[in-house]
Structures are given as structure tokens and as C-alpha cells.
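Residue numbering restarts at 1 for every chain, and letters A, B, ... go by the order of the sequence lines.
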Amino acid sequence: MTAAPPALLHRVGDRALAWLHSNREYFRLTDDDRATGRGLVERLKPVGELAINMRVLAREGVAGSRQRDLSRQLLDFAWRDLLDGGNVLADLQAEEPLSPVPLEIYASLHELGYRHPGLEAAIDLARTTASWRAVEMLPNRRLGLLNAERKIGLVPSGDAEQALAATWLGRTPEPWTVQFHLAYDITHTVFHLTDWGAAPDRLPPRIAGYLALYLPAWTADWAELEHWDLLGELLVVDACLPAPTLDARMWERYAAAQAADGAMPVQGAMPAGDPETVFDLVHHPTLVAAFASAMATSRALSSDVAA
Amino acid sequence: MAEQAQENSSLSAVVADVAAGVALALDGGRDSSALSGVLAQDDPLALAAIRVLGADVLAPYALRAGGGPGTTTDTGTDMDSGMAHRRTARASGVGAGPAARGARADGEVVRKALAAYPPGADASEVSLWSYRGLVEASRAYLPAGQGGPESPAGAGDRAAGPAAVAGWLQADPWPQLAHRASQLAALSLPGLAPALATGLAARTEDLSRGFVRAVRRRDWLQAAGIGRWLARVPDVPDTLGLDTGLVYVLRMSGGDARVALHTAIARRFHGRGAR
């Protein structure tokens with residue numbers, strides 16, 4: 001298997017970042033969002049994903065100077081304009097004290113140096129309750145919450161090993177049963193376990209071996225289905241493995257799916273519509289493209305790519 | 001051949017009938033393993049069906065012979081007492097009875113099929129292998145004098161060359177390798193193609209990937225074919241869940257006779273699948 005050249009890997013992220021930057025206004029909460037509070041969490045999710053992405057870019061150090069500038073501008077925009085310096089998150093926490101969402105979004109921004117003491121105090125307060133640890137959520141999200149706590153310097157409110165054991169991936173079941181939603185459970189377990197690729201060595205060898213064995217089968221399948229959003233996430237998982245393949249054929253298909261302006265469609269071709277609609281449809285796969293590119297480029301430039 | 005079969009529904013139907021008959025014989029549901037008993041002798045498609053299924057049409061003989069020559073499989077562990085009894089009966093000299101007549105008739109019908117459908121000059125490698133597998137199976141599994149047809153047109157010899165083993169077994173990426181292995185599943189019967197078996201055994205991980213992909217794509221026939229090769233090897237990864245996988249593939253195929261034959265062979269020869 002041939003590994004994709006770093007230039008190809010890098011170009012995907014470069015173009016994705018350019019699109020995210022030029023479409024940044026569409027991340028904004030609308031007046032309606034703010035007035036009703038309806039859908040606030042849904043509107044905030046992309047902002048959190050944007051922050052995670054910029055954190056990955058800063059950490060992996062693979063961005064050129066132009067990318068670094070765009071990334072910094074996007075971050076400041078997210079913190080100041082979208083989150084009102086963290087006030088939006090603090091308000092949400094006040095509204096729903098046990099919601100993990102503000103912490104999940106704040107964690108990456110905190111690592112990048114942004115601070116909101118009032119939000120931290122509110123998170124601390126919620127964490128004093130037994131209810132915080134008892135709130136029901138998907139096992140892979142629990143793993144993410146523990147990781148977010150660690151990222152802002154708190155002692156995680158639960159045991160990561162137990163949380164992992166409760167996930168689908170933690171049990172390494174029959175790989176041929178993987179369906180669309182299970183595949184996302186797998187990718188997210190890996191993202192949270194490795195702190196969005198920062199610590200690939202947190203993947204236990206048993207799970208890393210399982211992924212190295214079966215990931216190529218899932219990747220090939222969703223590439224054939226042209227599901228670029230999921231393919232991108234699977235390519236991140238590959239880049240988190242001890243010996244990533246960075247499979248050239250997969251990356252070439254993935255790069256070819258990207259639109260000229262850098263947007264990545266969810267599945268098949270780019271959707272048509274007004275810019276807001278298109279943004280809502282493709283911001284996630286495009287964020288994933290930036291993430292996958294940063295991780296893969298970084299691994300390609302180190303010397304641990306599988307033969 | 002296999003590709004043509006898919007385009008020809010009447011051939012497909014005959015292939016399914018023959019596959020079902022062989023599977024039944026394997027599971028002990030038919031007294032005689034005789035292929036000739038399964039076939040409608042006057043059906044011109046019967047010979048083509050034999051070529052499509054290849055060596056598998058003689059699988060019941062391989063089982064009675066105790067797994068075939070030169071095998072390292074543990075067929076003894078999964079043979080029920082009925083099979084053991086039959087082996088004893090054969091050893092104690094019922095060779096002149098109906099079973100021997102059946103074997104003679106089967107040798108004849110296989111010879112006809114080989115003569116009727118020799119691989120042409122432009123035959124695919126799969127067709128060559130499948131042809132050679134049937135030649136080999138009739139030599140190895142049918143009692144002496146009833147199998148071992150003279151290889152018509154020398155086509156078998158072309159296929160038997162080591163060149164046929166080389167190349168793709170090492171070089172093919174896993175998706176192509178797994179696809180080809182499934183097309184050659186009949187050659188996984190004991191002792192038929194040792195070099196092929198050894199080459200594929202060295203690529204267990206790649207076949208495991210192919211199995212996963214085939215099930216994901218709901219290509220049950222391919223999955224079952226790959227599963228047969230995996231059933232042979234002792235180091236198939238536990239995480240693959242091959243046993244539940246074979247049962248799953250069989251059930252999900254909705255009664256596909258060729259899938260059922262593959263899974264019956266994995267079960268009867270290697271004890272994989274239903275436990």
C-alpha cells in the first residue's frame with residue numbers, strides 16, 4: 001500500500017480552511033436562535049468543532065504561515081463574535097447547569113488560552129453534584145466529557161477505562177456488523193480517547209490492533225459509497241494509529257471529492273442551494289477535512305507510516 | 001463461467017439445484033453422495049453447472065475419504081458418528097455396491113463436464129483454476145479407476161503450472177485478493193491446491209478484511225467463499241467472529257444454495273460456523 005504524499009494531504013486542509021474562513025459568518029447564531037433559545041445547542045456544535053479544529057492545527061504545527069493567520073482569525077472570531085467572549089457558554093450553563101455542552105466547547109478554547117472564570121465556576125459547581133456523574137449519555141460521549149475535564153485541568157469525574165469498556169469499540173465486536181451510526185461511534189471513541197489525535201498512545205494495543213486490522217475494510221466501503229464525511233473521520237482514525245497507512249488511493253478519492261472552493265460534500269456531489277443552506281449541509285465534512293488533513297500531514301512528516 | 005451463470009437464470013437454477021443436492025449429501029441428508037443422483041441427466045445445463053461449481057460437486061467424496069489426501073485439517077473432530085460409520089463400511093469392502101456404482105457414474109459425468117467445457121485459450125485465471133480443481137478433485141476423491149480423467153486438451157496442465165500460483169497471491173491488494181479467493185473457494189477442499197492454500201494462509205488478515213467488506217456490501221456469496229478459506233486457517237483473528245459470521249451470512253442470504261454449500265463445507269470440514 002502506498003502512502004499519500006504530504007503535499008496532497010496538506011492541500012485538502014489548506015483548501016478546507018480557506019472555505020471555513022470565507023464562510024465564517026454562517027457560523028453565527030441568528031437573531032431567532034438567540035431570541036428563542038431553540039436550537040441553540042445545535043448552532044453551538046459547529047462552533048465547538050471549529051475550535052477543536054483550530055486547536056488541532058495549532059498543535060500539529062503543520063500549518064503554513066497563511067494557514068496560521070486564517071486559523072488565528074477564525075479562533076478570535078469564534079471566541080469574540082460567536083461566543084461573546086464565553087458569555088454565550090456561561091448563559092447556557094446557567095440555563096442548564098448539568099449540560100456538558102459548554103464544557104465540551106470550552107475545553108479546546110481553554111487550551112488555546114481563552115478564559116471565562118464565570119463559566120469555570122459554574123462548571124465547578126455542577127461537578128460537585130452526584131448528578132453530574134450520573135447524567136445518562138452515549139458511552140463515547142462520556143469518554144469525551146472526561147477528556148474535556150482533563151483538558152481544562154480538572155480531575156476527570158469518572159474512570160476513562162470504564163468509560164471505554166462501555167463503548168462499542170471497547171468491546172471489539174464483530175467488525176462486519178459495523179453500520180453507519182456504529183462507524184461514527186467508533187471514530188468518536190478514538191477522537192475522545194486520543195484527545196483529538198494529540199495522544200495516539202492512549203489507544204490500548206488491543207484496540208489499535210483491532211482498528212489496524214479492520215479499518216481498511218470500513219474505509220474502502222465508505223469510500224465506495226462516496227460518504228466523504230464518514231470517510232474523513234475514518235481517515236483521522238487511521239492517522240491516530242501507531243502505524244498509519246495514509247492510503248494514497250483513499251486520499252486521492254477524498255481529495256477529488258472536494259469542491260474547488262474547499263468545501264467537502266457530505267456524500268456524493270456538492271449540494272445546490274443558497275449559501276446558508278449549503279453551509280449547514282457541508283460545514284461538518286469540511287471541518288472533518290481540515291482535521292483529517294492536519295493529522296495525516298503531521299503523521300506523514302514523521303517517519304512512522306506503515307510500510 | 002461464474003459470470004456467465006449470473007447472466008443465465010436457467011443455468012443459475014440448475015447450479016442452485018446441484019449445490020443444494022451436494023450440501024444435503026454433506027449433511028448426511030442423502031444416502032448417496034453420488035452427484036449423478038442429483039443431476040437431471042438429460043439436462044444440457046447440468047454439465048455446465050458442474051463446471052460452475054467445480055471441485056465442490058465432489059465434496060461429499062472428500063468428506064468420506066476423511067478429508068482428502070495430504071490434508072492437515074481436523075475433519076475428524078466434526079464428523080458425526082454417521083460419517084465414521086460410513087467410513088468403516090467403505091473400508092470393510094462395500095466398494096462393489098451402489099456407492100461404487102455412484103462413484104463410477106460421477107467420474108463419468110465429471111469427465112463429460114470437463115470435456116464439454118475446457119477453458120479456452122483466453123480463459124480467465126479463475127476458470128483455469130476451477131477447471132484444474134475439478135480435475136484434481138476427481139483424481140483425489142473418487143476411488144481409483146473411477147476418477148482421474150485424462151486431462152483433455154492439456155488445459156489442466158496449463159492451469160497447473162506454478163506460474164498460476166505466483167504473482168497475484170502476493171501482489172494483489174486485499175480487496176482484489178479476497179474477491180479472487182472467493183471465486184476459487186472450491187479449491188479450498190482438502191489437498192486440491194496446496195500452493196494456493198499456503199499462499200492464502202499467509203494473508204489471513206487481508207482475507208478477514210475482505211470478509212468484513214463482503215458482509216457489509218451484503219455480497220453473501222463472496223463472504224461465504226472467503227469464509228471458507230478463513231475456516232481452514234488456525235490463526236483467523238478471534239475478533240472477526242467467523243463462526244457467527246458464517247451463520248449470519250447463511251441466514252441473510254435468504255436460502256442461496258451456493259452460500260449454503262460454502263457454509264456447509266466450512267462446517268463439515270473445518271468445524272466452523274454453527275457450533
Side-chain angles (χ1 to χ4, degrees), chain A residues 1-4 165 167-186 189 203-227 230-231 234 237-238 241-243 245-253 306-307, chain B residues 170-179 181-182 202-231 233 235-253 259 262-263 266 272-275:
Chain A
M1 190 177 299
T2 317
T167 64
W168 188 95
L169 180 61
R171 300 181 197 201
T172 60
E174 298 93 341
W176 40 266
T177 60
V178 170
Q179 300 287 345
F180 185 67
H181 293 290
L182 276 179
Y184 279 101
D185 288 337
I186 292 168
T189 298
L203 277 177
R206 176 178 68 88
I207 289 176
Y210 176 84
L211 290 170
L213 187 50
Y214 302 116
L215 187 64
W218 303 326
T219 305
D221 202 28
W222 270 289
E224 198 154 302
L225 295 169
E226 303 194 339
H227 202 295
L230 182 49
L231 176 63
L234 294 170
V237 171
D238 173 57
L241 293 180
T245 64
L246 311 179
D247 187 344
R249 282 169 311 168
M250 291 300 132
W251 270 98
E252 279 158 14
R253 289 184 81 164
Chain B
Q170 284 86 38
D172 262 10
W174 66 265
Q176 288 85 337
L177 177 92
H179 182 238
S182 79
R203 298 195 62 182
T204 300
E205 292 196 349
D206 285 336
L207 290 181
S208 300
R209 290 176 180 132
F211 183 80
V212 170
R213 184 154 176 258
V215 176
R216 278 262 329 125
R217 294 158 56 96
R218 305 175 82 86
D219 186 340
W220 311 119
L221 184 61
Q222 185 180 162
I226 300 169
R228 269 180 67 177
W229 286 108
L230 287 168
V233 293
D235 64 342
V236 62
D238 282 345
T239 50
L240 182 62
L242 181 62
D243 292 317
T244 46
L246 286 167
V247 173
Y248 184 86
V249 165
L250 173 61
R251 298 265 174 89
M252 292 298 282
S253 77
V259 171
H262 284 325
T263 56
R272 302 306 302 253
R275 293 279 175 125

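Residues passing the side chain to side chain contact (heavy atoms under 4.5 Å, CB included) test with B:Ala178 are B:Leu207, B:Ile226, sequence neighbours excluded.
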Distance-only criterion, 3.5 Å: which donor-acceptor pairs connect chain A and chain B?
residue: A:Glu174; atom: OE2; partner: B:Thr244; partner atom: OG1; Å: 3.4
residue: A:Trp176; atom: NE1; partner: B:Leu240; partner atom: O; Å: 2.7
residue: A:Val178; atom: O; partner: B:Arg216; partner atom: NH1; Å: 3.2
residue: A:Ala212; atom: O; partner: B:Arg209; partner atom: NH2; Å: 3.0
residue: A:Leu213; atom: O; partner: B:Arg209; partner atom: NE; Å: 2.7
residue: A:Tyr214; atom: OH; partner: B:Thr239; partner atom: OG1; Å: 2.9
residue: A:Tyr214; atom: OH; partner: B:Leu240; partner atom: N; Å: 3.1
residue: A:Asp221; atom: OD2; partner: B:Arg216; partner atom: NE; Å: 2.7
residue: A:Asp221; atom: OD2; partner: B:Arg216; partner atom: NH2; Å: 2.8
residue: A:Glu224; atom: OE1; partner: B:Arg213; partner atom: NH2; Å: 2.6
residue: A:Glu224; atom: OE2; partner: B:Arg217; partner atom: NH1; Å: 2.2

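Heavy-atom minimum distance, B:Val212 versus A:Ala217: CG1-CB, 3.8 Å.
For a residue to count as touching a neighbouring chain, one of its non-hydrogen atoms must lie under 4.5 Å from one of that chain's; by this rule A:Leu225 touches chain B with the side chain only.
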